[in-house]
2 protein chains.
Amino acid sequence: MTSDKHIDQSGPPTMQDVAKLAGVSQPTVSRVLNNTKTTIPVSKKTRDKVLVAVKELGYRPNMTARSLRTQRTHMISLLVADITNNFYHLIAQAIQEVARAHDYDMLIANSDHVYENEKRFCEAVIRRPVDGVIMVPQYLTYGDLDELITLTNTPITVLGQHINHPAIDVVGADDEQATFEAITWLIAERGHKSIGYIGVALDYPPSPRRWQGFQRALKTAGLTFDPDFYMQGDWSFESGRQAINRLLKIGKRPSAIFALNDLMAIGAILALQDAGLSVPDDVAIMGFDNMREATIVRPRLTTIAQYPTEIGQKVAEALFDRIEGREPDARRELTVPLKLIVRESA
Amino acid sequence: MTSDKHIDQSGPPTMQDVAKLAGVSQPTVSRVLNNTKTTIPVSKKTRDKVLVAVKELGYRPNMTARSLRTQRTHMISLLVADITNNFYHLIAQAIQEVARAHDYDMLIANSDHVYENEKRFCEAVIRRPVDGVIMVPQYLTYGDLDELITLTNTPITVLGQHINHPAIDVVGADDEQATFEAITWLIAERGHKSIGYIGVALDYPPSPRRWQGFQRALKTAGLTFDPDFYMQGDWSFESGRQAINRLLKIGKRPSAIFALNDLMAIGAILALQDAGLSVPDDVAIMGFDNMREATIVRPRLTTIAQYPTEIGQKVAEALFDRIEGREPDARRELTVPLKLIVRESA
DNA sequence: TTGTATGCGTTATCAT
DNA sequence: ATGATAACGCATACAA
């Protein structure tokens with residue numbers, strides 16, 4: 001259709017094409033292109049000839065070939081646990097911004113919380129090497145990660161803190177302490193003595209930490225936990241709703257409930273309201289994450305805020321430190337803040 | 001630490017290493033590995049020797065080298081307009097599932113609705129070729145895409161329908177008709193005669209189509225549109241809120257408002273409620289998308305549902321048709337359904 | 001059935 | 001300051 005330029009015989013122009021047009025050798029083209037700043041000797045005259053030819057042909061370097069030669073890809077990989085979760089989007093967005101600033105592309109994958117997909121991701125990294133990896137592993141073992149590192153020699157940074165490997169920086173939050181403080185506030189400032197808990201299976205990394213913080217707060221306040229008020233969900237909105245529906249059948253209820261994430265907390269609020277109960281008067285609800293929906297639900301959700309943008313930035317910068325050779329002396333464990341946001345639900 | 005296996009002298013094992021260990025030539029290894037199904041003559045004996053060596057060394061093919069040689073990457077790229085938008089997540093998830101089934105990796109990028117980032121994405125595709133591209137272009141011109149195609153010869157599939165290029169399949173929805181039907185329902189079934197509109201700039205692809213459907217419904221019903229009831233937002237929650245706040249200052253208001261997406265619709269609901277008005281009694285609200293938040297807000301949002309998972313599947317399958325050589329005779333324009341979901345807000 | 005030779009598009013090490 | 005030449009890891013045409 002629009003063939004107003006040259007006839008491309010086969011595929012994009014290569015350095016050979018540029019070299020021929022400029023009347024120089026192919027390595028010379030390479031030198032010109034790779035030393036816009038680092039002053040490697042190349043005469044002003046040839047440099048100009050080359051640059052003209054580059055522009056004329058619309059030449060772009062082929063990254064695949066470059067990668068094969070340099071063993072660097074200028075790509076990083078990100079593995080998240082749930083691509084539909086807003087929390088990870090903001091993290092991904094922040095990471096991508098940092099990557100972009102370093103002129104890196106980002107490959108993103110999604111494990112859907114299943115081990116097989118996590119392994120598959122590692123496999124992909126081994127077969128298509130990247131310069132750095134950021135991940136939120138759920139089930140990957142120390143051994144899995146160690147194998148990945150020894151095989152690829154790729155810098156890895158991890159979100160969450162259950163990995164203790166000398167070559168892996170970790171960015172996480174102090175869930176235990178934040179939960180402790182939030183529950184303590186619920187007891188001291190709001191006067192609750194009977195507090196329920198909507199958790200998730202303990203093999204999700206943050207689960208045991210938050211559970212410990214919760215228990216510590218109760219113990220410190222001299223309260224006991226009624227096991228009937230332990231409900232288990234799976235992070236989903238619907239599971240929060242179902243937890244409440246099960247609770248309402250047992251003939252007693254706590255005066256407040258702490259849910260491990262906002263989605264379950266909101267499901268709980270809606271289920272309570274559907275049952276004719278008032279939040280927070282009959283039951284107060286506290287969540288975790290501070291996702292956008294927390295200000296949409298009524299009453300607005302009181303929750304422990306994470307700062308995904310900050311998390312993403314930190315984790316990406318830690319990664320680029322290693323990628324660009326600024327290796328830390330030892331494994332770093334960075335902590336990002338958490339903060340209780342008091343709204344109307346508790 | 002865990003060096004229970006062989007000493008890796010430098011990087012991952014290559015076909016050479018496998019060949020040496022198996023006592024065969026490197027091309028033989030290649031043949032064995034690439035013809036598990038296509039019966040290319042290779043003796044059972046050597047095949048076994050090779051496979052043992054492969055397992056022994058933990059050999060994995062290097063995709064970079066393979067790509068350079070075959071000119072295929074087994075990767076597709078996805079460009080979305082807003083990585084924080086739930087709508088795109090579900091699309092991305094569906095696409096990734098299809099890609100996974102075809103044993104492809106997926107590279108995802110995010111334009112944030114800005115032209116420069118869209119161009120940058122094209123640039124990335126040119127420099128790091130992929131086997132297929134799916135995108136939601138906002139500003140890219142026919143020329144931009146045509147250049148991309150002639151330069152890379154890569155199959156492209158587009159979400160939304162403003163691109164009319166012979167080599168580009170398009171998957172979209174019939175926004176105009178769906179909007180027409182929804183507004184007609186608002187008029188006929190709910191008796192509204194004065195309907196406001198929260199739109200976005202017309203250079204967002206779906207914007208003019210929905211605007212036309214809206215106007216056609218009014219005209220068909222013999223109603224006129226009061227220009228004072230045209231409000232402009234930018235897709236965001238906050239802009240819906242602000243639109244209402246501006247509206248409330250002009251001393252008159254419509255009995256219903258149609259917003260171009262759920263986020264703005266929800267912002268509108270909350271702003272109206274904050275002003276002491278009732279939804280839907282004082283003002284009815286209708287949205288577009290049926291995102292998760294639509295069932296969280298109270299009253300629940302009446303909205304036009306898109307089916308992102310289905311969209312993602314269709315667009316991915318259309319792409320793989322081309323990638324795998326099942327070229328359609330002509331440009332295909334696939335339409336996915338839209339459906340009015342009636343809840344309480346209108 | 002298998003081995004030899006070549007090339008994908010770069011970068012890097014030699015020379016000159 | 002620049003041009004040959006080799007190498008990255010793999011796939012394939014050709015020879016044997």
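What you see is a predicted model; the values in this text were computed from it and never measured. Order of the sequence lines fixes the chain letters, A, B, ..., with proteins taken first and strands second; residue numbering starts at 1 for each chain.
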| request: Sort and list the pairs that fulfil salt bridge (charged side-chain N to carboxylate O under 4.0 Å, His left out) and have at least one residue in residues 147-165 of chain B, not counting sequence neighbours. | output: A/Arg60-B/Glu147
| said: Counting the atoms with a prime plus P, OP1 and OP2 as sugar-phosphate, which does B/Thr14 contact under 4.0 Å by heavy atoms, base, sugar-phosphate, or nothing? | reply: sugar-phosphate
| query | Could you state the CD-P distance from A/Gln71 to D/dA7, rounded to the nearest angstrom? | reply | 15 Å
| Nearest-Å distance for atom pair CG/C1', residues B/Asn34 and D/dA13 | 15 Å
| task | Using whole Å, report how far CE of A/Met63 lies from P of C/dT10. | result | 11 Å
| remark: Quick note, A/Tyr59 side chain, CB onward, closest among D/dC10, C/dT11, C/dT10 is C/dT10
| said: Judged by each residue's nearest nucleotide on DNA chain C, which is more toward the 5′ side, B/Leu68 or B/Lys44? | reply: B/Lys44
| message | Would you say that B/Met106 contacts B/Ile134 through its side chain, given a criterion of any heavy-atom pair below 4.5 Å between the two side chains? | response | no
| said: Students often get this wrong, so: under 4.0 angstrom with heavy atoms, is B/Thr70 touching a base, only sugar-phosphate, or nothing? | reply: sugar-phosphate
| Below 4.5 Å, heavy atoms only, C-beta onward: do A/Val50 and A/Val54 meet side chain to side chain? | yes
| request: Identify, residue by residue, the members of residues 123-133 of chain B with a heavy atom below 4.0 Å from DNA chain D, and return them in order of residue number, or none. | output: none
| field | Per A/Val24 side chain, nearest of listed nucleotides C/dT11, D/dG3, D/dG9 | value | D/dG3
| Atom pair distance, as rounded to whole Å: CG in A/Asn62 and C1' in D/dC10 | 15 Å
| message | Could you tell me how far apart B/His74 (NE2) and D/dA11 (P) are, to the nearest whole angstrom? | response | 11 Å
| said: Rounded to whole Å, how long is the line connecting atom CE of B/Met15 with atom P of C/dT2? | reply: 16 Å
| Are the side chains of A/Asp112 and B/Gln93 in touch, meaning some heavy atoms are under 4.5 Å apart? | yes
| said: From CG of A/Leu33 over to P of C/dA12, roughly how many Å is that when rounded to an integer? | reply: 13 Å
| When we call it a touch if two heavy atoms are under 4.0 Å apart, what does B/Thr46 touch: a base, just sugar-phosphate, or nothing? | sugar-phosphate
| said: Test salt bridge (charged side-chain N to carboxylate O under 4.0 Å, His left out) on B/Asp105 and A/Arg120; report intermediate values, then the result. | reply: CA-CA 11 Å; B/Asp105 291 328; A/Arg120 189 182 171 115; 5.9 Å; no
| Validation row: B/Pro129, B/Thr154 side chains within 4.5 angstrom (heavy atoms) | no
| task | Please say whether more than 12 non-hydrogen atoms of neighbouring residues, nucleotides or ligands are located less than 6.0 Å from CG in B/Asn153. | result | no
Please write out the pairs of protein N or O atoms and N or O atoms of nucleotides 4-7 of chain C separated by less than 3.5 Å, giving the distance to one decimal.
| from | atom 1 | to | atom 2 | distance (Å) |
| --- | --- | --- | --- | --- |
| C/dG7 | N2 | B/Arg69 | NE | 3.4 |
| C/dG7 | N2 | B/Arg69 | NH1 | 3.0 |

| Parallel, tilted or perpendicular: ring planes of B/Tyr104 versus B/His74, cut at 30 and 60 degrees | parallel
| request: Starting from the first five and the last five pairs of the helix from C/dT1-D/dA16 to C/dT16-D/dA1, work out the angle between the resulting helix axes, to 10 degrees. | output: 50°
| task | Taking only the side-chain nitrogens and oxygens of B/Gln16, find out if one of them lies under 4.0 Å from OP1 or OP2 of D/dC8. | result | no
| task | State which residues pass side chain to side chain donor-acceptor pair (under 3.5 Å) with A/Asp203; sequence neighbours excluded, sorted by chain then number. | result | none
| said: Could you tell me how far apart A/Arg66 (CZ) and C/dT11 (P) are, to the nearest whole angstrom? | reply: 5 Å
| Which residues satisfy the ring pair (Phe, Tyr, Trp, His ring centres under 6.0 Å) test with A/Phe87, sequence neighbours excluded? | none
| query | With a 4.5 Å heavy-atom cut-off, do B/Met135 and B/Leu148 have their side chains touching? | reply | yes
| Would you say A/Leu79 and A/Asn117 make side-chain contact, with heavy atoms under 4.5 Å? | no
